[in-house]
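Order of the sequence lines fixes the chain letters, A, B, ..., with proteins taken first and strands second; residue numbering starts at 1 for each chain. Owing to the predicted nature of the structure, the values given are computational and were not obtained by experimental measurement.
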Amino acid sequence: MPELPEVETTLRGIRPHLEGRQIRELKVRERRLRYPIAEGTEARLAGQRILGLRRRGKYLLLDLEEGSLLLHLGMSGSLRILPLTTPPGPHDHLDLVMEDGRCLRLRDPRRFGLFIWTAAPPEHHALIRDLGPEPLEGGFDGAYLHKRARNRQVAVKAFIMDAKVVVGVGNIYASESLFLAGIHPNRPAGQVSESQYALLARSIRTVLGESIAAGGTSLRDFVAEDGHPGYFARQLRVYGHEGQPCPHCGTDLRREKIGQRSSFFCPNCQV
DNA sequence: CCGGACGCCTGTCGGC
DNA sequence: TGCCGACAGGCGTCCG
């Protein structure tokens with residue numbers, strides 16, 4: 001489900017309810033996420049204050065007085081702020097209960113998400129350590145992408161979805177940004193010019209920024225912290241639009257599998 | 001190192 | 001109506 005804009009939307013929604021506040025307890029109903037929630041996590045969290053919340057790629061990082069929490073929403077996860085009295089529904093796997101009686105509730109039907117407490121700074125964690133640059137911050141531009149793509153044969157779409165190259169670009173926004181940049185998703189990454197990568201880097205920032213402004217994309221599961229959906233789905237230019245006319249030239253949009261993932265593009269505009 | 005395939009899960013949808 | 005396969009927003013791991 002969530003790519004960078006959905007995680008950013010979630011972060012902005014939950015932050016005011018959690019930052020600076022004290023955790024009363026962690027209630028786990030289902031430990032079996034992508035990695036099982038470690039025994040003893042409850043004891044680690046009880047009574048701790050949440051000092052700050054951050055996003056790194058598609059990960060949410062909660063800095064505590066001792067250690068940090070590392071959360072990922074996988075394909076189908078969402079986080080909501082609810083009164084503890086709200087009965088949990090199916091797949092509501094855990095509640096982080098705050099002193100004010102409200103809780104951060106994780107719902108994740110497919111259980112590809114994760115919830116890990118780590119003693120060390122989270123950027124030292126193996127899942128975070130090797131991540132590439134943030135696309136909305138400095139250090140991400142055409143020169144960087146061009147350099148990383150040298151001698152790479154992999155399709156440019158798979159290349160920009162590689163979190164070691166750049167974080168946060170998932171299957172929706174990869175198709176969308178390649179369309180904006182006029183680059184065919186199947187082009188070998190090493191055969192894209194630096195000026196085209198400059199355009200692609202700009203397109204990635206444009207698309208992610210637009211989606212954050214719309215509160216993310218809700219195709220099925222995604223809801224923000226208060227339960228409302230994101231509205232970027234109606235602004236998608238190609239994703240899910242197989243057989244519909246290209247917004248630029250009118251040619252029928254195509255869908256093709258690239259690296260086992262559906263990819264949407266205009267066979268006329270994208271070369 | 002690189003590229004590609006697979007598996008982890010549940011839910012939904014379309015075709016027959 | 002029921003069944004079955006395909007597919008879904010991610011990503012770590014394994015194999016050649």
If you look at every strand shown and take non-hydrogen atoms under 4.0 Å, does [X] touch a base, only sugar-phosphate, or nothing?
{"X": "A:R255", "result": "sugar-phosphate"}
{"X": "A:K164", "result": "nothing"}
{"X": "A:Y239", "result": "sugar-phosphate"}

CA sep, side-chain torsions, deciding dist, call: A:E123, A:R54, salt bridge (Lys or Arg N to Asp or Glu O under 4.0 Å): CA-CA 11 Å; A:E123 38 281 304; A:R54 297 177 285 154; 3.0 Å; yes
Whole-Å P distance, B:dC9 and C:dC3: 24 Å
Nearest-Å distance once atom P is located in both B:dG7 and C:dG5: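 These two P atoms come out 16 Å apart once rounded.
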How long is the line joining [atom1] of [X] and [atom2] of [N], in whole Å?
{"X": "A:L236", "N": "C:dA8", "atom1": "CG", "atom2": "P", "result": "14 Å"}
{"X": "A:F264", "N": "C:dA8", "atom1": "CZ", "atom2": "P", "result": "7 Å"}
{"X": "A:E256", "N": "C:dA6", "atom1": "CD", "atom2": "P", "result": "19 Å"}
{"X": "A:E242", "N": "C:dA6", "atom1": "CD", "atom2": "C1'", "result": "13 Å"}
{"X": "A:L73", "N": "C:dG10", "atom1": "CG", "atom2": "C1'", "result": "11 Å"}
{"X": "A:D108", "N": "C:dG10", "atom1": "CG", "atom2": "P", "result": "13 Å"}
{"X": "A:H72", "N": "C:dC11", "atom1": "NE2", "atom2": "C1'", "result": "7 Å"}
{"X": "A:R111", "N": "C:dG12", "atom1": "CZ", "atom2": "P", "result": "19 Å"}

Under the 3.5 Å Watson-Crick or G-U criterion, the dot-bracket string of DNA chain C, with | for inter-strand pairs: .|||||||.|||||||
With heavy-atom distances below 4.5 Å as the criterion, would you say the side chains of [X] and [Y] are in contact?
{"X": "A:D226", "Y": "A:I81", "value": "no"}
{"X": "A:F264", "Y": "A:L253", "value": "no"}
{"X": "A:F112", "Y": "A:S76", "value": "no"}
{"X": "A:L136", "Y": "A:R205", "value": "yes"}

Pairwise salt bridge (charged side-chain N to carboxylate O under 4.0 Å, His left out) hits with a residue in residues 72-92 of chain A, at least two apart: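 Qualifying pairs: A:D92-A:R107.
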Using 4.0 Å as the upper bound for N to carboxylate O, is an ion pair formed by [Y] and [X]?
{"X": "A:R237", "Y": "A:E210", "result": "yes"}
{"X": "A:R102", "Y": "A:D100", "result": "yes"}
{"X": "A:D141", "Y": "A:R202", "result": "no"}
{"X": "A:E134", "Y": "A:R55", "result": "yes"}
{"X": "A:E39", "Y": "A:R31", "result": "yes"}

Side chain of A:E3 - closest among C:dG12, C:dG10, C:dA8: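 My answer, after comparing the listed nucleotides, is C:dG10.
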Interface polar pairs with nucleotides 13-16 of chain C, N/O, under 3.5 angstrom:
none

A:R187-A:Q196 side chain donor-acceptor pair, cut-off 3.5 Å: yes
Of A:R110 and A:L127, the one whose closest DNA chain C nucleotide lies more 5': A:R110
Ring pair (Phe, Tyr, Trp, His ring centres under 6.0 Å) involving A:H72 - partner list, sequence neighbours excluded: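 Result, ring pair (Phe, Tyr, Trp, His ring centres under 6.0 Å) vs A:H72: A:Y59.
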Residues in contact with DNA chain B, drawn from residues 147-162 of chain A - heavy-atom cutoff 4.0 Å: A:R152, A:Q153, A:V154
From CA spacing to verdict: salt bridge (Lys or Arg N to Asp or Glu O under 4.0 Å), A:K164, A:D130: CA-CA 6 Å; A:K164 291 184 172 58; A:D130 300 323; 5.4 Å; no
5' to 3' contact window, DNA chain B with chain A (heavy-atom distance under 4.0 Å): B:dC2 to B:dG11
Criterion side chain to side chain donor-acceptor pair (under 3.5 Å) on A:Y231 and A:T217, from CA distance to verdict: CA-CA 6 Å; A:Y231 297 105; A:T217 301; over 6 Å; no
